[in-house]
Amino acid sequence: MKIFLACIFLALSLQSSAQDGICPLKIGDSIPNIQLQDLSGKYFNLNEMAQDKTIFVFFRGGWCPYCQRHLSALQEAKEEIAALGYKLIAISPDRMSKLSKSIDKNELDYTLLSDAEAKAMSAFGLAFELDEKTLERYKKYNISLESWSGQAHNMLPVPAIYIVNEGQVDFQYVNPNYKKRLSAEVLISILKANN
């Protein structure tokens, strides 16, 4: 049984112009045929991965404390997720060499993929470009998106979770309020209901 959850758009940290450009993949949409690399340089095709039960987690980067807490919570739930037949894949705009910071800090043993060129986040309809005011605020905290991604696009994904199977979206949670994440407990409940 496919479960539907409408996209929730809260305007905490994004300008309305950035929100206007967000158009996430919906329930039943096909997963794009995009290849991303992990820390070792191995390529993964997202559409091929999505043929099996998979959870794609889009996060803003290793510099984001909210993302780090979320990744850590998912790590704690990984065994239960796997027992329900799902593999866990996290995707960020961090370049490959920066993925290790998230892996090491949170002792993650699931796959992290680099989307430094913003291909996947754009194809999933999650990408937005930070405005100058926000970039300046980040600089005050010594956060350089260019340093983390190795790119000059200054794009981030809206944090999201996609549950996929047979190449299609079964469930999605997308929330522009980067402080609000789908908890591991709720995710497990959804997976159980979806099995």
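A quick note: this is a predicted structure, and the numbers were derived from the prediction, not measured.
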- Task: Determine whether Trp148 and Leu135 fall in the same hydrophobic cluster, where Ile, Leu, Val, Met, Phe, Trp and Tyr are linked whenever their side-chain heavy atoms lie under 4.5 Å apart.
- Result: yes
- Item | Atom of Ala160, atom of Leu126 and distance for their closest heavy-atom approach | CB-CD1, 3.8 Å
What pairs of donor and acceptor atoms, side-chain ones from residues 77-86 against any protein atom, are under 3.5 angstrom apart with sequence neighbours left out?
{"residue": "Glu80", "atom": "OE2", "partner": "Lys192", "partner atom": "NZ", "Å": "3.4"}

- Would you check, one step at a time, whether the test side chain to side chain contact (heavy atoms under 4.5 Å, CB included) holds for Phe124 with Phe56? CA-CA 11 Å; Phe124 275 73; Phe56 291 123; 4.3 Å; yes
- Query: Would you say the side chain of Leu36 lies within less than 4.5 Å of the side chain of Phe44, judging by non-hydrogen atoms?
  - Reply: no
- Pair Tyr141 and Trp63, ring centroids less than 6.0 Å apart: no
- Using 30° and 60° as the class limits, which term best fits the ring planes of Phe58 and Tyr162: parallel, tilted or perpendicular? perpendicular
- Query: Without hydrogens or angle criteria, can the side chains of Asp38 and Ser40 be said to hold a donor-acceptor pair below 3.5 Å?
  - Reply: yes
- Task: Specify the closest pair of heavy atoms between Met49 and Thr54, including all atoms of both residues, with the distance to one decimal.
- Result: O-OG1, 2.9 Å
- Determine, step by step, whether Lys98 and Ser147 satisfy the side chain to side chain contact (heavy atoms under 4.5 Å, CB included) criterion, reporting the C-alpha distance in whole Å, the side-chain angles of both residues, the deciding distance to 0.1 Å, and the verdict. CA-CA 9 Å; Lys98 294 285 191 178; Ser147 172; 4.0 Å; yes
- Would you kindly say whether Asn175 and Tyr173 are connected by a side-chain donor-acceptor distance under 3.5 Å? yes
- Query: Between Asn165 and Asp52, do the side chains contain an N or O donor and an N or O acceptor separated by less than 3.5 Å?
  - Reply: no
- Query: Gly61 and Gln68: which non-hydrogen atoms are nearest, and at how many Å?
  - Reply: O-NE2, 3.7 Å
- Query: Would you find more than 12 non-hydrogen atoms of other residues, nucleotides or ligands less than 6.0 Å from Lys119 atom NZ?
  - Reply: no
- Message: Show the nearest heavy-atom pair for residues Asp94 and Gly62, with the distance to one decimal.
- Response: OD2-N, 2.7 Å
- Provide the full list of salt bridge (Lys or Arg N to Asp or Glu O under 4.0 Å) pairs with a residue in residues 138-152, sequence neighbours left out, each pair given once. Glu136-Lys139
- Message: Testing the basics here: between Gly167 and Gln51, what is the closest heavy-atom pair and its distance to 0.1 Å?
- Response: CA-NE2, 3.4 Å
- Report the C-alpha separation of Leu74 and Val57 in whole Å, then their side-chain angles, then the decisive distance to 0.1 Å, and conclude whether the side chain to side chain contact (heavy atoms under 4.5 Å, CB included) test is met. CA-CA 10 Å; Leu74 292 172; Val57 180; 3.7 Å; yes
- Determine, stepwise, if the pair Arg60 / Cys67 fulfils side chain to side chain contact (heavy atoms under 4.5 Å, CB included). CA-CA 7 Å; Arg60 301 181 334 141; Cys67 298; 3.7 Å; yes
- Query: Would Ile27 end up clustered with Leu46 when hydrophobic side chains under 4.5 Å apart are linked, directly or stepwise?
  - Reply: yes
- Query: So if you build clusters from Ile, Leu, Val, Met, Phe, Trp, Tyr with side-chain heavy-atom gaps below 4.5 Å, do Ile188 and Leu108 land together?
  - Reply: yes
